[in-house]
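Quick notes on the structure that follows.
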Amino acid sequence: AKAVASLQKAVAKEGALLKLIAPRIGPMKNGLTPDMTIDGGPSCLFDAVVLLPGQTEMPVLLKTAGAINWLRDAFAHLKAIGFNNAAQAMFGKGGVDHTAPGVVAVSKGVDAFIAAAKEHKIWARDELVNPPR
């Protein structure tokens, strides 16, 4: 909840809105209430995404195809992607390179993520997801 509040404050300074996406709708253990579910709020609806799961939720997320596909879609749609340490396992499960352009660890702050998000699309990643024409 602290990480979400910090991110919300940082993106609000940039004039952006934060939407919380989770596997299920309804209050979570940390007191937050998601705006949408993973299945009802696909990553293509957003300009950028941040993965902030708790370590205790990772076993369930790693077994949830929708969660892994959500990340894979964000990567393929060239979204800026921020992630915390717990989310790293999702990249491995989805075959997504967490060191690719526009994929940013947010454990030390969100400034680099916000800078990537301002690019709107991470065109430097295009050659990784789209075949040459």
Side-chain angles (χ1 to χ4, degrees):
K2 285 183 183 180
V4 171
S6 176
L7 179 62
Q8 190 169 28
K9 185 177 178 181
V11 300
K13 285 182 183 178
E14 300 295 331
L17 296 173
L18 181 86
K19 294 292 182 182
L20 186 59
I21 312 301
R24 291 182 305 276
I25 206 72
M28 299 188 313
K29 292 176 187 174
N30 60 10
L32 297 173
T33 301
D35 297 294
M36 299 176 204
T37 64
I38 291 169
D39 294 331
S43 60
C44 65
L45 295 178
F46 306 100
D47 294 324
V49 301
V50 179
L51 306 172
L52 294 175
Q55 194 64 47
T56 58
E57 287 78 30
M58 285 311 302
V60 171
L61 288 174
L62 291 173
K63 293 178 184 176
T64 304
I68 302 304
N69 288 337
W70 196 90
L71 168 59
R72 291 170 53 90
D73 286 345
F75 190 85
H77 291 138
L78 309 178
K79 307 292 183 181
I81 301 171
F83 67 95
N84 66 4
N85 292 336
Q88 277 193 312
M90 292 178 71
F91 288 89
K93 178 78 175 194
V96 175
D97 182 1
H98 74 281
T99 65
V103 182
V104 181
V106 297
S107 58
K108 295 181 181 174
V110 297
D111 292 343
F113 166 74
I114 289 174
K118 286 180 177 182
E119 293 182 37
H120 186 66
K121 294 264 190 185
I122 309 301
W123 293 109
R125 195 165 66 225
D126 189 51
E127 63 188 30
L128 299 175
V129 298
N130 291 309
R133 297 177 188 160

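Note: hydrogens, waters and symmetry copies are ignored here, and every other heavy atom, side chains too, is used. In this chain, residues are counted from 1 in sequence order.
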In one Ile/Leu/Val/Met/Phe/Trp/Tyr side-chain cluster, 4.5 Å: Trp70, Val60: no
Side chain to side chain, Leu17 and Val11, heavy atoms closer than 4.5 Å: no
Closest non-hydrogen atom pair, Lys19 against Asp35: CA-OD2, 3.3 Å
Asp111, CG: over 12 other non-hydrogen atoms inside 6.0 angstrom: no
Atom NZ of Lys9: over 12 foreign heavy atoms under 6.0 Å: no
Donor-acceptor contact present, side-chain Asn84 to main-chain Val106, <3.5 Å: no
Separation between CG of Asn30 and NZ of Lys2, rounded to the nearest 0.5 Å: 12.0 Å
4.5 Å side-chain heavy-atom contact, Met58 and Leu61: yes
Minimum heavy-atom distance Pro27-Thr33, with the two atoms named: CA-OG1, 3.8 Å
Heavy-atom closest pair, residues Ala116 and Ala80: C-CB, 3.7 Å
Spacing of OG1 belonging to Thr64 relative to CZ belonging to Arg24, to within rounding of 0.5 Å: 8.5 Å
Atom pair CD1/NE2 of Ile81 and His98 - distance to nearest 0.5 Å: 12.0 Å
All ring-ring contact (aromatic ring centres under 6.0 Å, His included) counterparts of Phe91, not counting sequence neighbours: Phe83
Linked, directly or transitively: Phe75 and Phe46 (ILVMFWY side chains, under 4.5 Å): yes
Within-4.5 Å side-chain heavy-atom neighbours: Pro34 and Ile21: no
Minimum side-chain heavy-atom gap Leu20-Met28 below 4.5 Å: yes
Heavy-atom pair with the smallest gap, counting every atom of Glu14 and Ile114: CG-CG2, 3.8 Å
Pairwise distance NZ(Lys79) to NZ(Lys121) - rounded to 0.5 angstrom: 5.0 Å
Over all atoms of both residues, closest heavy-atom pair of Leu51 and Leu71: CD1-CD1, 3.7 Å
Co-membership, hydrophobic cluster, residues Leu45 and Leu7, 4.5 Å side-chain: no
Test item: Met90 and Leu62 side chains (from C-beta on) under 4.5 Å apart, heavy atoms: yes
CA sep, side-chain torsions, deciding dist, call: Val4, Leu52, side-chain contact (heavy atoms from CB on, under 4.5 Å): CA-CA 8 Å; Val4 171; Leu52 294 175; 4.1 Å; yes
Co-membership, hydrophobic cluster, residues Val96 and Trp123, 4.5 Å side-chain: yes
For Val129 against Ala76, the heavy-atom pair lying closest together: CG2-O, 3.7 Å
Expected output: side-chain Arg125 to main-chain Ala100 donor-acceptor under 3.5 Å: no
Connected via hydrophobic side-chain network under 4.5 Å: Ile122 and Val103: no
